[in-house]
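Scope of the values below: all heavy atoms of this structure, side chains included, with no hydrogens, waters or symmetry mates. Throughout, protein chains are lettered first and strands after them, A, B, ... in sequence-line order, and every chain is numbered starting at 1.
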Number of protein chains: 2
Amino acid sequence: MLEYIILGFLMFGEKTGYDIKQTMKKSTSNFFDASFGSIYPTLTKLEKKNYVVINEVLEDSRKKTLYSISEAGKNIFLAWLQQPIEFSKTHSIYLVKIYFYSFISKEKAIDLIKDFIRDVNKAIGELTEIEEKSKGKLDLYRSSTIYFGIEHYNSVIKWCEELISNLK
Amino acid sequence: MLEYIILGFLMFGEKTGYDIKQTMKKSTSNFFDASFGSIYPTLTKLEKKNYVVINEVLEDSRKKTLYSISEAGKNIFLAWLQQPIEFSKTHSIYLVKIYFYSFISKEKAIDLIKDFIRDVNKAIGELTEIEEKSKGKLDLYRSSTIYFGIEHYNSVIKWCEELISNLK
DNA sequence: TAGCGCATGTAATATGTTACATGATTTC
DNA sequence: GAAATCATGTAACATATTACATGCGCTA
């Protein structure tokens, strides 16, 4: 999976491993993120498969390893992209915990859910900031996914609040 | 994670590994699921830690390995449950793909999104069936998570439709 | 008697995170 | 001169999936 996503980011232009991590943080992190510990080994793997090409440069007196996508890389990326969207059920650990809340007191449950709402609101704030900054810079698809994140988190909060009011 | 979730299911009563899988399918699979290949080894691990107790029985001339939660198991489960809900960003692979749709034609993108909507609708149908069957049988928390799934999928469809209409 | 559901389990494989390790450059 | 950011990478560890392997009991 990560292989394709990295290729996707390289479709927008050559990048270092560090750049990829930054781009993820500022764009897909609300629905997909990866660590350096997976990005660098994946880039090495992609290079061995000849899907990316390495270009060592000295930029601003700082040496960088720039990766760019090869023709073969573009081909397999586009083939993947045109395959049906796999409908994978979203792994939401927060729901799992709430699922079992009948085993704790109502008051404790409400407190925990309220704390959670605070965290979700924080995430909305971060995403809104990203949305503001990227205004006009992104294509419809990319800006829609950010918008989706905000909408989704809002619906999570709404659901939490309804749950609390039903509990009372 | 799975360790706690299995303990949670055992809080409702003793179960076999197979039972746990079935229960997940009929309750949490829209936001959390596990395979036999992870359930059985986890049960063994929990037994070694003395968090569950094994009870080999012969039920309907069929031998079963029933697991029940121990006092120690209840304690660590409840301790986990009362800790703050970790706000983990949801991993949604479908969004990743759509994020890169600027690299395919608008027509192709619309077709793929429409196919996806069909799959999501199918999932809503399955969840609605589960909701119908469990009506009145579940506590507020558990029924809320099912309701959440339906609401969430509906919002995914709404978002997809808006995206399509914006594309046109 | 074939196939399905019940029931348990292992091995190979995939996939990724966290922590560690290093070192340069830039900003305060 | 300290701290933050840029930049790359490895090793230990965690976690889970898929495929395989096995076998019983029920039903069409």
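Judged by closest nucleotide on DNA chain C, B:G37 is the one of B:G37 and A:T42 placed further toward the 5' end.
Listed nucleotides: D:dA7, C:dT17, D:dG23. Nearest to the side chain of A:S35: C:dT17. You'll find that the side chain of B:Q22 is closest to C:dC6, out of C:dT26, D:dT8, C:dC6. Nearest nucleotide to the A:M1 side chain, out of C:dG16, C:dT25, C:dT8: C:dG16. Of the listed nucleotides (D:dA7, C:dG9, D:dT15), D:dA7 has the atom at the smallest distance from the side chain of A:D19. Comparing C:dA24, C:dG9, C:dT10 by their closest approach to the side chain of B:Y67 singles out C:dG9. For A:S38, the side-chain atoms get nearest to C:dG16 when compared with the rest of D:dT17, C:dG16, D:dC6. When the nucleotides D:dT17, C:dT26, D:dT8 are ranked by their closest atom to the side chain of B:A34, D:dT17 comes out on top. Nearest nucleotide to the A:L2 side chain, out of C:dG9, C:dT17, C:dG16: C:dG16.
For the pair B:E86 CD and C:dT18 C1', the computed distance is 16 Å after rounding to whole Å. Between the OH atom of A:Y40 and the C1' atom of C:dT17 there is a distance of 16 Å, given to the nearest Å. The CZ-P distance, from B:F32 to D:dA16, rounds to 6 Å in whole Å. In this structure, the OH atom of B:Y18 is 17 Å from the P atom of D:dC24, given to the nearest Å. If you measure from atom CG of B:L58 to atom C1' of D:dC24, you get 11 Å, rounded to the nearest angstrom. The interatomic distance linking A:K21 (NZ) with C:dG16 (C1') rounds to 12 Å, in whole Å. Look at CZ on A:F36: it is 10 Å from C1' on D:dT5, rounded to the nearest Å. For the pair A:R62 CZ and C:dT26 C1', the interatomic distance rounds to 7 Å; values are reported in whole Å.
Atom CZ of B:F103 has more than 12 heavy atoms from other residues, nucleotides or ligands within 6.0 Å.
A heavy-atom distance below 4.5 Å is not found between the side chains of A:Y67 and A:I20. Proximity of A:F77 to A:L81: side-chain heavy atoms (C-beta onward) are separated by under 4.5 Å at one or more points. Under the 4.5 Å side-chain criterion, counting only non-hydrogen atoms from C-beta, A:Y147 is in contact with B:W159.
Cation-pi check for B:R142 over B:F12 is met; the charged atom lies under 6.0 angstrom from the ring centroid and within 45 degrees of its normal.
Residue contacts for B:G17: at a heavy-atom cut-off of 4.0 Å it reaches the sugar-phosphate backbone alone, with no base atom in range. No contact: A:T44 has no heavy atom under 4.0 Å from any strand.
Note on A:T65: every side-chain N or O is 4.0 Å or more away from OP1 and OP2 of D:dA7.
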